[in-house]
Amino acid sequence: MAQKPSVPKGTRDFSPEEVAKRNYIIQTIKHQFGLFGFQPIETPSFENSSTLMGKYGEEGDRLIFKILNSGDFLKKVDEKVLQHKDSQGITSQISEKALRYDLTVPFARYVVQHQNEIDFPFKRYQIQPVWRADRPQKGRFREFYQCDADVVGSASLWQEIDFVQLYDAVFSDLKLNGVIIKMNNRKILSGFAEVMGAKDKLIDFTVALDKLDKIGEEKVKTEMLSKGISEASISKMQPLFELTGTNQEKLEKLGGLLSGSEEGTQGVKELQFIFNAIESIGLKSSKLDIDVTLARGLNYYTGAIFEVAAPEGVAMGSIGGGGRYDDLTGIFGLKGISGVGISFGLDRIYLVLEELGLFPESVNKGIKALFINFGEKEALYATKAIKQLRENGISAALYPDASKMKKQLNYANKSEVSFTVLVGEQEMNNNKYTLKNMISGEQESVDYSTMESILKS
RNA sequence: GUGGUUGUAGCUCAGUUGGUUAGAGCGCUGGUUUGUGGUACCAGAAGUCGCGGGUUCGAAUCCCGUCUUCCACCCCA
């Protein structure tokens with residue numbers, strides 16, 4: 001055999017079974033998005049580079065797939081840049097388009113571009129692939145789907161409360177119980193920096209704090225010191241490392257710790273409001289937790305921060321995340337529009353459901369009835385019955401060749417067909433169909449209408 | 001982007017200190033069974049040992065490069 005072809009690194013083919021399972025997840029998410037009042041939009045798979053570049057930080061720029069210009073693009077490149085082998089300089093001259101890196105920034109672009117046609121608050125959802133030039137790992141791909149729901153044009157905290165319920169509703173529908181919805185607030189993180197007297201170190205501080213459950217208290221402190229945060233500042237934050245108890249107790253401790261910061265206090269108040277409401281409304285199967293170490297890499301969150309962890313015992317990075325960004329559209333020139341949104345990580349949810357065996361068996365059913373092919377005359381007769389069955393909403397097909405029965409039945413077995421139908425000369429003469437149940441092996445000779453009603457049930 | 005790991009039949013994997021013709025299980029094809037599958041038995045097909053180079057009388061095996069897989073870091077869904 002010739003050299004086997006393959007797909008590019010970090011991409012995958014999906015078999016019929018996999019597509020069925022993915023569709024099951026997508027349908028569940030879409031259904032709840034609809035119930036919560038979100039409407040779908042779609043945006044192009046690639047955008048102008050200027051729309052994407054610089055929106056995800058330095059790291060993000062590196063991970064954006066750039067699309068080469070058409071034509072003899074090298075001719076137009078500045079001779080000096082070419083000589084110096086300056087990759088960055090050349091990139092901007094030979095590539096003007098780039099693949100979508102996430103759904104949030106294109107959405108912000110969409111809102112700004114269509115601001116006059118949109119009625120605010122605007123609730124949209126979007127389920128499309130995104131691309132990142134990352135190194136693949138388990139649950140990390142270079143092409144993957146995001147399922148986002150966002151609201152723009154409302155600063156109300158009731159949106160956050162709705163999103164917590166949306167997460168709970170989707171994961172309950174998927175029978176994925178025990179999911180942990182973690183919440184934090186950017187204002188609380190800012191408050192920490194303020195109380196510490198290290199406002200300029202906010203990013204370094206939060207990035208280090210984010211690693212707490214992974215590398216432990218000592219290493220987090222070491223990293224903070226190495227970033228130039230003073231020993232005194234860190235010791236002021238000591239209570240953070242001992243933040244335990246119920247959510248209510250955590251909120252009280254945070255309130256005390258941040259009493260000197262107006263912004264921090266505001267953040268605690270917001271969380272308090274959301275938690276009170278959820279406490280009163282109740283969640284079906286998920287758990288809501290305060291996690292002040294939650295920072296997430298994205299620079300644009302200004303209020304609530306969400307992250308969803310798989311149930312305990314499943315080793316998987318976050319299966320969803322989101323937050324509030326007061327000024328996302330500001331980068332495209334539309335100021336003062338607040339947005340908040342969440343995302344579901346389809347590929348990772350898939351891996352978790354697979355690991356826990358939570359896909360319903362029904363997602364992967366074959367056709368209802370396969371007609372065995374006995375030859376030309378019989379096939380024509382069978383095809384007429386098949387036509388009628390299809391018109392009545394029953395999936396049915398004829399085995400295309402008059403192969404041996406063994407082979408035809410084997411095929412039916414493997415494609416998980418529920419029934420096979422045998423129509424030979426005998427049946428044709430008596431106007432009957434021999435219907436064989438492929439699970440029990442039982443078979444009976446019936447007329448058309450009996451067959452139809454059996455297949456319908 | 002940094003460090004490590006992996007690649008042998010369609011799939012999962014053996015393969016001795018480098019030594020004739022590279023194996024197994026599952027799957028596939030055919031038969032035992034000309035209108036009865038899932039079980040059993042028998043037979044058969046199928047491999048550029050990821051790719052390229054090197055060392056050697058001789059390389060799946062050793063060395064270098066490259067691609068791929070997975071893992072850690074970075075970052076992230």
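Residue numbers start from 1 in every chain, and the chains themselves are labelled A, B, ... in the order their sequence lines are given, proteins ahead of strands. Note: hydrogens, waters and symmetry copies are ignored here, and every other heavy atom, side chains too, is used.
Comparing the same atom, P, in B:U6 and in B:A14 gives a spacing of 11 Å after rounding to whole Å. Separation of the C1' atoms belonging to B:A24 and B:A46 is 15 Å when rounded to the nearest angstrom. One P atom belongs to B:G23, the other to B:A60, and the distance between them is 13 Å to the nearest Å. Taking atom C1' in both B:G52 and B:G15, the straight-line distance is 24 Å, to the nearest Å. Remark: the separation of the P atoms in B:G1 and B:U69 is 14 Å, to the nearest Å. Taking the P atoms as reference points, B:G50 lies 44 Å from B:U33, given to the whole Å. Rounded to whole Å, the separation between the P atoms of B:U16 and B:U8 comes to 16 Å. Distance check on atom C1': B:G4 versus B:A59 gives 25 Å, rounded to whole Å.
Just one residue in the list A:F38, A:F36, A:F33 forms a ring-ring contact (aromatic ring centres under 6.0 Å, His included) with A:F163, and that residue is A:F38.
Per the geometry, CG belonging to A:L63 stands 11 Å off P belonging to B:A77, to the nearest Å. The interatomic distance linking A:D401 (CG) with B:U34 (P) rounds to 20 Å, in whole Å. Straight-line distance from the CZ atom of A:F344 to the P atom of B:C76: 20 Å, rounded to whole Å. Atoms CE (A:M438) and P (B:U36) sit 13 Å apart, rounded to a whole Å. Atom OH in A:Y411 sits about 12 Å away from atom P in B:U29, given to the nearest Å. At whole-Å resolution of the value, CD1 in A:I215 and P in B:C73 are 10 Å apart. For the pair A:Y56 OH and B:G1 P, the computed distance is 20 Å after rounding to whole Å. Regarding A:R348, its CZ atom lies at a distance of 11 Å from the C1' atom of B:C75, rounded to whole Å.
Nucleic acid contact for A:S318: sugar-phosphate only, since backbone atoms but no base atoms lie under 4.0 Å from a heavy atom of the residue. The residue A:K9 sits close only to the backbone: its heavy atoms come under 4.0 Å of sugar-phosphate atoms, none of a base. At a threshold of 4.0 angstrom between heavy atoms, the contacts of A:Q426 include nucleobase atoms, whether or not backbone atoms are also involved. Among the protein residues, A:I439 comes within range of the nucleic acid bases, having at least one heavy atom under 4.0 Å from a base atom. The residue A:G441 sits close to a base: some heavy atom pair falls under 4.0 Å. Counting non-hydrogen atoms under 4.0 angstrom, A:E427 reaches a base of the nucleic acid. Among the heavy atoms of the strands lying under 4.0 Å from A:I319 are primed sugar atoms or P, OP1, OP2 only; no base atom is included. Nucleic acid contact for A:G322: none, since no nucleic acid atom lies under 4.0 Å from a heavy atom of the residue. Using a 4.0 Å heavy-atom criterion, one finds that A:E425 contacts the bases of the nucleic acid, with or without backbone contacts as well.
Between A:K404 and B:G31 there is a side-chain N or O to OP1 or OP2 distance below 4.0 Å. Contact annotation: A:K211 side-chain N/O to B:C74 OP1/OP2 distance is under 4.0 Å.
Aromatic ring orientation, A:F344 versus A:F171: tilted (interplanar angle from 30° to 60°). Ring geometry for A:Y399 against A:Y411 counts as perpendicular: the plane angle is over 60°, on a 0 to 90° scale with 30° as the lower cut. Note: A:H114 and A:Y110 have tilted aromatic rings, judged against thresholds of 30 and 60 degrees for the angle between ring planes.
Take the nearest nucleotide of RNA chain B for A:K406 and for A:N410: the residue whose nucleotide is more 5' is A:K406. Between A:G320 and A:T434, it is A:T434 whose nearest contact on RNA chain B lies nearer the 5' terminus.
Residue A:V207 places its side chain closer to B:C75 than to any other of B:C75, B:A40, B:A77. Among B:U29, B:G1, B:U36, the nucleotide with an atom closest to any side-chain atom of A:L422 is B:U36. Taking every side-chain heavy atom of A:N413 into account, B:G38 is the closest of B:A77, B:U36, B:G38.
For A:R324 (side chain) and A:G341 (main-chain N/O), no donor-acceptor pair under 3.5 Å exists by modelled atom type. Under a 3.5 Å cut-off, the side chain of A:N437 and the backbone N or O of A:I439 do form a donor-acceptor pair.
The existence of a salt bridge linking A:K227 and A:E223 is excluded, since no basic side-chain nitrogen approaches an acidic carboxylate oxygen closer than 4.0 Å. Electrostatic pairing of A:R140 and A:D134 counts as a salt bridge here, judged by a charged N lying under 4.0 Å from a carboxylate O. The pair A:E47-A:R109 counts as a salt bridge, with a side-chain nitrogen and a carboxylate oxygen less than 4.0 angstrom apart. Between A:K187 and A:E270, at least one side-chain N (NZ, or NE/NH1/NH2) sits under 4.0 Å from a carboxylate O, which counts as a salt bridge. A salt bridge is absent between A:K55 and A:D102; no separation between the charged side-chain nitrogens and carboxylate oxygens falls under 4.0 Å. Remark: A:E18 does not engage A:R22 in a salt bridge, criterion side-chain N to carboxylate O under 4.0 Å.
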Can you give me the N/O atom pairs linking the protein to nucleotides 70-72 of chain B at distances under 3.5 Å, or say none if there are none?
residue	atom	partner	partner atom	Å
B:C71	OP2	A:K138	N	2.1
B:A72	OP2	A:Q137	OE1	2.9

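Counting only Watson-Crick and G-U wobble pairs whose two distances sit under 3.5 Å, RNA chain B takes part in these stems of three or more pairs: B:1-4 with B:70-73, B:10-13 with B:23-26, B:28-32 with B:40-44, B:50-54 with B:62-66.
Counting distance only, with no hydrogens placed and no angle test, the side-chain atoms of A:Q443 and the base atoms of B:U36 include a donor-acceptor pair under 3.5 Å.
An aromatic stack links A:F144 and the base of B:A77, using centre distance under 5.5 Å and interplanar angle under 30°.
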